[in-house]
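These figures come from a predicted structure and were not determined experimentally. Index from 1, following the sequence.
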Amino acid sequence: MDRARRQRVLALLPVCLALAFSLTAVGSSYWCEGTRRVAKPLCQDHPGVLHCIHYSSGSRDNGTQAVQYIWEMGDDKFTWRRFHLGLWQSCEESLGSAGEKCRSFQSIIPAEEQGVLWLCIGAEALNILLTLTSAILLGSRVSYHSSGFHWLKVDASVAILMVLAGLLAMVAHMMYTTVFQITVNIGPEDWKPQTWDYGWSYCLAWGSFALCMVASVTATSRYTAARLELAEKKSVRKGSQLSQHNFQEPKSSEGVWETEAAPSPAGCALVNISEHLPSDAEGKVSMC
């Protein structure tokens with residue numbers, strides 16, 4: 001692989017990484033992670049365990065009279081459940097089984113924040129679309145190499161598309177952060193987390209933003225260097241053409257008078273200009 005082709009492949013690498021990071025982040029549900037404090041389930045199915053006493057009053061067959069006495073106090077009555085959520089759903093671990101219980105994230109956030117969330121999803125989709133377009137343009141440059149102004153336009157287009165993709169990604173991430181924090185404060189009581197932090201999907205999303213900016217700066221630098229190189233080559237070519245051009249000497253005017261010198265005293269010369277004077281005028285003029 002020659003040096004020029006290697007440089008084009010390296011220019012394509014951050015764009016492909018940004019696209020992969022965005023797709024992974026949008027499709028995953030680990031933007032935020034944390035724990036929720038929930039009350040321990042009743043031990044009706046397993047009497048005598050979990051610090052419970054199962055006592056039935058009245059008839060043995062009458063299950064409605066069952067009473068449970070629990071002597072756990074304070075935080076001992078609660079258990080901790082881990083949860084994680086993304087753009088689409090929120091999932092938390094289930095106590096009764098090894099799986100997870102998931103529900104839509106749109107059903108958790110307040111109604112007035114629904115529009116902001118959809119704007120966030122739209123911005124993420126546009127970010128992916130612009131990044132994919134840039135990857136296709138740079139991929140075509142790697143596959144079909146030719147020099148000229150056509151590839152300068154490709155570099156300029158990639159620089160613009162990637163900076164727009166980065167700005168859209170930044171706005172989308174900030175909107176999601178705002179929606180999540182509002183939901184934590186005024187969201188439903190059966191969902192509010194006790195502790196939370198940002199997850200690996202959130203880090204991937206911001207990593208995609210950084211790669212978009214890097215790709216945009218690289219494309220801009222490449223475009224500027226190519227433009228300067230073309231301008232320099234054009235000036236050198238123009239200078240060589242001027243140096244090789246032979247200037248022709250100007251021809252003598254057809255109206256130049258023919259002179260004929262004649263000896264004259266005192267270093268003077270008599271010049272015959274009779275052909276250019278009227279017939280009745282003298283034809284010699286003394287010139288010193």
Side-chain angles (χ1 to χ4, degrees), residues 1-28 31 86-87 115-178 200-244:
M1 184 184 296
D2 58 352
R3 182 172 177 270
R5 189 179 181 84
R6 190 182 303 113
Q7 288 180 350
R8 292 193 294 273
V9 172
L10 291 177
L12 179 62
L13 181 61
V15 180
C16 293
L17 285 177
L19 181 61
F21 284 5
S22 294
L23 289 173
T24 304
V26 170
S28 63
W31 285 62
L87 290 173
V116 180
L117 180 62
W118 282 111
L119 285 176
C120 170
I121 294 174
E124 291 287 356
L126 284 177
N127 165 39
I128 293 175
L129 179 61
L130 293 176
T131 307
L132 178 61
T133 305
S134 300
I136 293 174
L137 290 175
L138 289 178
S140 64
R141 182 176 183 180
V142 173
S143 302
Y144 305 100
H145 171 62
S146 64
S147 59
F149 190 72
H150 172 69
W151 298 117
L152 288 181
K153 292 182 179 179
V154 169
D155 287 333
S157 301
V158 169
I160 295 174
L161 291 176
M162 291 306 295
V163 73
L164 288 177
L167 291 176
L168 285 171
M170 180 184 67
V171 172
H173 304 160
M174 294 176 66
M175 286 192 293
Y176 180 85
T177 304
T178 303
W200 58 267
S201 298
Y202 192 79
C203 297
L204 278 184
W206 279 107
S208 174
F209 160 75
L211 288 171
C212 287
M213 295 293 103
V214 169
S216 176
V217 171
T218 304
T220 304
S221 176
R222 203 165 51 244
Y223 172 79
T224 304
R227 288 286 296 182
L228 292 176
E229 183 179 358
L230 283 180
E232 184 179 357
K233 288 181 178 180
K234 186 176 180 180
S235 61
V236 170
R237 191 184 308 115
K238 186 176 180 180
S240 63
Q241 289 177 355
L242 290 177
S243 63
Q244 293 177 0

Task: Full working for side chain to side chain contact (heavy atoms under 4.5 Å, CB included) between E124 and Y176 - done: CA-CA 10 Å; E124 291 287 356; Y176 180 85; over 6 Å; no
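Residue L19 is tested with T131, L211, N127, L130 for a side-chain contact (heavy atoms from CB on, under 4.5 Å); the sole match is T131.
Taken to the nearest 0.5 Å, the CG atom of L87 stands 7.0 Å off from the CG atom of L117. For the atom pair L204 CG and L23 CG, the distance stands at 11.0 Å (nearest 0.5 Å). L164 contributes atom CG, which lies 11.0 Å from atom OG1 of T133 (distance to the nearest 0.5 angstrom). Note: L138 CG to C16 SG = 8.0 Å, rounded to the nearest 0.5 Å.
Pairing each heavy atom of A135 with each of V15, the nearest pair is N-CG1, 3.6 Å. Minimum heavy-atom separation, V163 to I160: CG1-O, 3.1 Å. Across all non-hydrogen atoms, the minimal contact from V158 to A219 is CG1-CB, 4.0 Å. Across every non-hydrogen atom of M213 and L167, the tightest pair is CE-N, 4.1 Å. Nearest heavy atom pair, residue G207 against residue F21, reads C-CD2, 4.0 Å. A172 and C120 make their closest contact through O-SG, 3.2 Å (heavy atoms, listed as atom of the first residue, atom of the second, distance).
Taking the side chain as every heavy atom from C-beta outward, Y223 and K153 never approach each other to under 4.5 Å. Residues S28 and W200 form a side-chain contact, since some pair of their non-hydrogen atoms from C-beta on lies under 4.5 Å apart. Between L161 and L137, the closest side-chain pair of non-hydrogen atoms falls below 4.5 Å. A 4.5 Å side-chain heavy-atom check between M174 and V171 finds every atom pair outside the cut-off.
Formation of a donor-acceptor pair under 3.5 Å by the S216 side chain with backbone atoms of M162 is not found in this model. Formation of a donor-acceptor pair under 3.5 Å by the S201 side chain with backbone atoms of A25 is not found in this model.
Using the six-membered ring where Trp is involved, Y202 and H173 have ring planes that are tilted, between 30° and 60° apart.
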